[in-house]
> 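Let me give you the structure first, and then I'll get to my questions.
Quick caveat, the model's predicted, so the values are computed rather than measured. Whatever order the structure lists ligands and atoms in, that order sets their numbers, starting from 1. Residue numbers run from 1 in the order of the sequence given.
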Amino acid sequence: MERLEVLMPEAVIQARIGELAAKINHDYAGKELLVVGILRGAFIFLADLVRRLEMPVVVDFVAVSSYGQATRSSGVVRILKDVDESVTGRQLLLVEDIVDSGLTLKYLSEYLRAKQPADLRVCTLLDKPDRRQVDIKPDYNGFTIPDHYVVGYGLDCGQHYRNLPGIYILHPDQDGGL
Ligand code: PRP
């Protein structure tokens, strides 16, 4: 049987989101922010983050294809759902649950920069720099974590566990499968 080990309890995550929101409130004071979440993993983090933001906020989402590792390493990400909002001239904050290889974020930030926002920054809850394949660094990062497979708080394994309020390390079963 696979086993879940607590990495971050709910209270720790919520406290850190309060700190991230305080920084974002300071940096964007008096400006309207277009917050774009990357589906599906970012939906819970985005929901908690935006409720702590004090400037005018507009929320939008993008969805990208989840390819296998071979295709993903090419760096090409297919956009399944584009932004509905016009990006040009706006303060855009791209919200991720986790930055791993960095390929998703690199592709999406270049794609969105081509639409000429006034500013584009990235906020991620988790960062796994050990796995990075491209040079990309989030502007706001909740936690830097080691290279474990993590689930909960929006993150899945086979579409399960996203609803857990904390973040857990998923240990595979004895046979090595997940
Ligand atoms: C995960 C995560 C990021 C991406 C990070 O998404 O939400 O979008 O992988 O990996 P990278 O830095 O190596 O590109 P996933 O494709 O698992 O889809 P999901 O968000 O729907 O779970």
> Select one of side chain, backbone, both or neither to describe which atoms of Arg162 lie under 4.0 Å from any atom of ligand 1, heavy atoms only.
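It is the side chain that gets close, since no backbone atom is under 4.0 Å.
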> Counting only heavy atoms not in Lys137, do more than 12 sit closer than 6.0 Å to its NZ atom?
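Check fails, neighbour count at 12 or below.
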> Please report the closest heavy-atom contact between Tyr153 and Ile17, naming both atoms and the distance.
OH-CD1, 3.1 Å
> Ignoring hydrogens and angles, tell me if any N or O in the side chain of Lys106 forms a donor-acceptor pair with the backbone of Ser101 under 3.5 Å.
no
> Which option out of Ser65, Gly154, Ser101, Ala42 puts a heavy atom nearest to atom 11 (P) of ligand 1?
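Nearest heavy atom to atom 11 (P) of ligand 1 lies in Ser101.
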> What atoms of ligand 1 come within less than 4.0 Å of a heavy atom belonging to Asp97?
2 (C), 3 (C), 7 (O)
> For Gln133, state whether at least one heavy atom is located under 4.0 Å from any atom of ligand 1.
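Not so, Gln133 does not reach ligand 1.
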> Taking heavy atoms and a distance under 4.0 Å, where does Val77 meet ligand 1: side chain, backbone, both or neither?
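The answer is neither; Val77 stays 4.0 Å or more away.
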> Within 45 degrees of the axis of the six-membered ring of Phe43 and under 6.0 Å from its centre: does Arg162 put its NZ or CZ there?
no
> Mind listing the side-chain donor-acceptor pairs of residues 90-97 below 3.5 Å, one per line with the distance, residues two or more places apart or on another chain?
from, atom 1, to, atom 2, distance (Å)
Arg90, NH1, Glu85, OE1, 2.9
Arg90, NH1, Ser86, O, 3.1
Arg90, NH2, Glu32, OE2, 3.1

> Enumerate the atoms of ligand 1 whose separation from the nearest heavy atom of Asp100 is less than 4.0 angstrom.
10 (O), 11 (P), 12 (O), 13 (O)
> Does only the side chain of Glu96 get under 4.0 Å from ligand 1, or the backbone, or both, or neither? Count heavy atoms.
side chain
> If the cut-off is 4.0 Å to any non-hydrogen atom of Arg40, which atoms of ligand 1 fall inside it?
19 (P), 20 (O), 21 (O)
> Got Tyr111 and Asp82 here, is their nearest side-chain heavy-atom distance under 4.5 Å?
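Yes, side chains in contact.
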> May I ask whether Val83 and Val35 are part of the same hydrophobic cluster, defined by side-chain heavy atoms of I, L, V, M, F, W, Y residues being less than 4.5 angstrom apart, directly or through others?
no
> Could you tell me which atoms of ligand 1, counted from 1 in the order shown, lie closer than 4.0 angstrom to a heavy atom of Leu39?
20 (O), 21 (O)
> Can you tell me if CD on Gln14 sees more than 12 non-hydrogen neighbours from other groups inside 6.0 Å?
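More than 12 within 6.0 Å, yes.
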> Ignoring angles and geometry beyond distance, decide whether Gly41 reaches within less than 3.5 Å of ligand 1 through its nitrogen or oxygen atoms.
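There is such a contact, yes.
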> Look only at interatomic distance and state if Ile38 has a nitrogen or oxygen under 3.5 Å from any nitrogen or oxygen of ligand 1.
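Between Ile38 and ligand 1, no N or O pair is found under 3.5 Å apart.
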> So, does Leu105 sit close enough to ligand 1 that a heavy atom of it is under 4.0 Å from the ligand?
no
